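Scroll down for the structure; my scribbles are underneath it.
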There are 2 protein chains.
Amino acid sequence: MARNIQSLERAAAMLRLLAGGERRLGLSDIASSLGLAKGTAHGILRTLQHEGFVEQDDTSGRYQLGAELLRLGTTYLDVHELRARALVWTDDLARSSGESVHLGVLHQQGVLIVHHVFRPDDSRQVLEIGAMQPLHSTALGKVLAAYDPVAHSEVLEGERKAFTERTVCAATDFEGVLDITRARGYAADVEETWEGVASIAAPIHDRRRMPVGAVGVTGAVERLCRDGELRPELIAAVRDCARAVSRDLGAGRF
Amino acid sequence: MARNIQSLERAAAMLRLLAGGERRLGLSDIASSLGLAKGTAHGILRTLQHEGFVEQDDTSGRYQLGAELLRLGTTYLDVHELRARALVWTDDLARSSGESVHLGVLHQQGVLIVHHVFRPDDSRQVLEIGAMQPLHSTALGKVLAAYDPVAHSEVLEGERKAFTERTVCAATDFEGVLDITRARGYAADVEETWEGVASIAAPIHDRRRMPVGAVGVTGAVERLCRDGELRPELIAAVRDCARAVSRDLGAGRF
DNA sequence: GTCCATCGGTCGACATTGTCGAACGCTTAC
DNA sequence: GTAAGCGTTCGACAATGTCGACCGATGGAC
């Protein structure tokens, strides 16, 4: 039994399919999308529904993701050591910088946001915990791509989409960006992912000096930049925060 | 095939086991806890790991929940219609009441928090989205138990633990609380779950007048009460919010 | 340093288990 | 009124996941 369990793989594919499709999906859609017989797909869905991983709309009969996923996903955050150690430091960074702070880890071909501190003003903001960011265009992603070999290979093998006209897509150019990132110890994203938005991020290392995540600030390019350059005090604050979290993880013994 | 898929049920039990145990679990622990052969447990865990639902600590070999759960759980929130409709109204409620606002739905034997607006001050607060609250002692839970038949049977069949000396546990007493809740149209929790904390909640109905969730404010008992009574303007604000969301869902056509 | 208990992981035979495709009510749309 | 589509059920088949013994590695106890 060197192979993986078939029914589990199919169930995971279903959950991912339901997560990708904007709205609810019908049984026939799901079965045909995955190349399964309707009876097979129904058996898996029925079990997933019984376990709370999917829910079914009573009237339309369509399926969507279930609440148990939210509960388990939150539990994942609770046991996340990096996140726990970073909580106070990211809070401080948000206060001192006046910008929103994101903490991200490598997940599949992107950056998974595991913590998000709102910009400390009264503006309405949406929580981005659990969201994914691209590896090649965001500051968090570049940091991971520069320091984590797995992230590096993921970003080189994957497609690098141009979100704005400033996005760096060509492989050689992007390698140059990573070299600069490693040389400077931080990465930046000035309108490479979203128009008008800039971000600065630095790597977090564990006690074995392995990169485990990245922390950074994100905000309007007018606030993060001054005279066309990223504000040095912001860069210093982000790097200080990353170092503090790394030290908290046991990396700083020297 | 009237029964559910065995391997999926076992995988779900593993995820729930990993979510329950405070820290990482070893393969042998998992196998013996579920009464499985080690080889079987390992096959399921390997597949779950490959799909990103569990992660394995490189050094200790122990297992914990995986990042994919966080991603899928967040996606669940994105497609949650009730939550989407409630976003602006809960924001307004938090501003007008000056207290934190929770939006909950029935899940298994408790209330799953699907939205949480922080109290609008600069105090440090922890996000409770994805957390569970008991049905019998919180305002959100009492509302659901009073209006949703499924929640009602869950709370009657389940154990009603006494969190404080004010918790109502006896079945007959609790039924009286639900009668009062239905008569008044809202529920309260004054130090029945946490010492010093009170909450007020009201039900949300969909277009078919079925209860689909509850919304409420939570805060220090000194702020929510005045002269030993819950502040009437807070009750009115909560009920207005619940009605507004219900109307947004299409319930208010008359 | 050595031993022993225990860990996570592998392997192959077995039969239990999930899969498939057809058929069933039922609703919806024309 | 009809027909097409939906989600669901069913039974036969064999592919599939399960089991328990076994393996090398690890880590305490002494």
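All figures in this text were calculated on a predicted structure; none of them were measured in a lab. Chain letters run A, B, ... following the sequence lines, proteins first and then strands; every chain starts at 1. Reckoned from all heavy atoms, side chains included, excluding hydrogens, waters and symmetry mates.
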Residue-phosphate contact under 4.0 Å: [X] side-chain N/O, [N] OP1/OP2:
X: A:Q56; N: D:dT8; answer: yes
X: B:H42; N: C:dG9; answer: yes
X: A:Y63; N: D:dC6; answer: no
X: B:S28; N: C:dG8; answer: yes

Check side-chain contact (heavy atoms from CB on, under 4.5 Å) between [X] and all other residues, then give those that pass, not counting sequence neighbours.
X: B:D91; answer: A:R124, B:R95, B:V117
X: B:P134; answer: B:H136, B:S137, B:T138, B:F163, B:T193
X: B:T218; answer: B:S100, B:H102, B:V197, B:S199

Does any N or O in the side chain of B:R182 come within less than 3.5 Å of the main-chain N or O of B:A146, such that one atom is a donor and the other an acceptor?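 A pair under 3.5 Å: yes.
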Checking A:Q133 side chain against A:G141 main chain: does a donor-acceptor pair fall under 3.5 Å?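 The answer is no, because no donor-acceptor pair under 3.5 Å joins these two groups.
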Once base and sugar-phosphate atoms are separated, protein heavy atoms under 4.0 Å mark nucleotides 23-30 of chain C, 5' to 3', with B, S and - as --------
Let's see if you can work this out: which of C:dT19, D:dC19, C:dG8 has an atom nearest to the side-chain heavy atoms of B:T40?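 The closest nucleotide is D:dC19.
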Rounded to whole Å, please give me the gap between CZ in A:R46 and C1' in D:dG7.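 Those two atoms, CZ and C1', are 12 Å apart.
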Rounded to whole angstrom units, what separation is found between the CG atom of A:D29 and the C1' atom of D:dG5?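 Roughly 11 Å, once rounded to whole Å.
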Which pairs pass salt bridge (Lys or Arg N to Asp or Glu O under 4.0 Å) with one or both residues in residues 104-115 of chain A, sequence neighbours excluded?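 Found none.
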Student check: side-chain heavy atoms of B:H115 and B:L87 closer than 4.5 Å: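 A side-chain contact under 4.5 Å exists here.
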Which value, rounded to the nearest 0.5 Å, describes the distance between B:I44 atom CD1 and A:S7 atom OG?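 The CD1 atom of B:I44 sits 8.5 Å away from the OG atom of A:S7.
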N/O to N/O distances under 3.5 Å, protein versus nucleotides 15-17 of chain C:
{"residue": "C:dT17", "atom": "OP1", "partner": "B:Q6", "partner atom": "NE2", "Å": "3.2"}

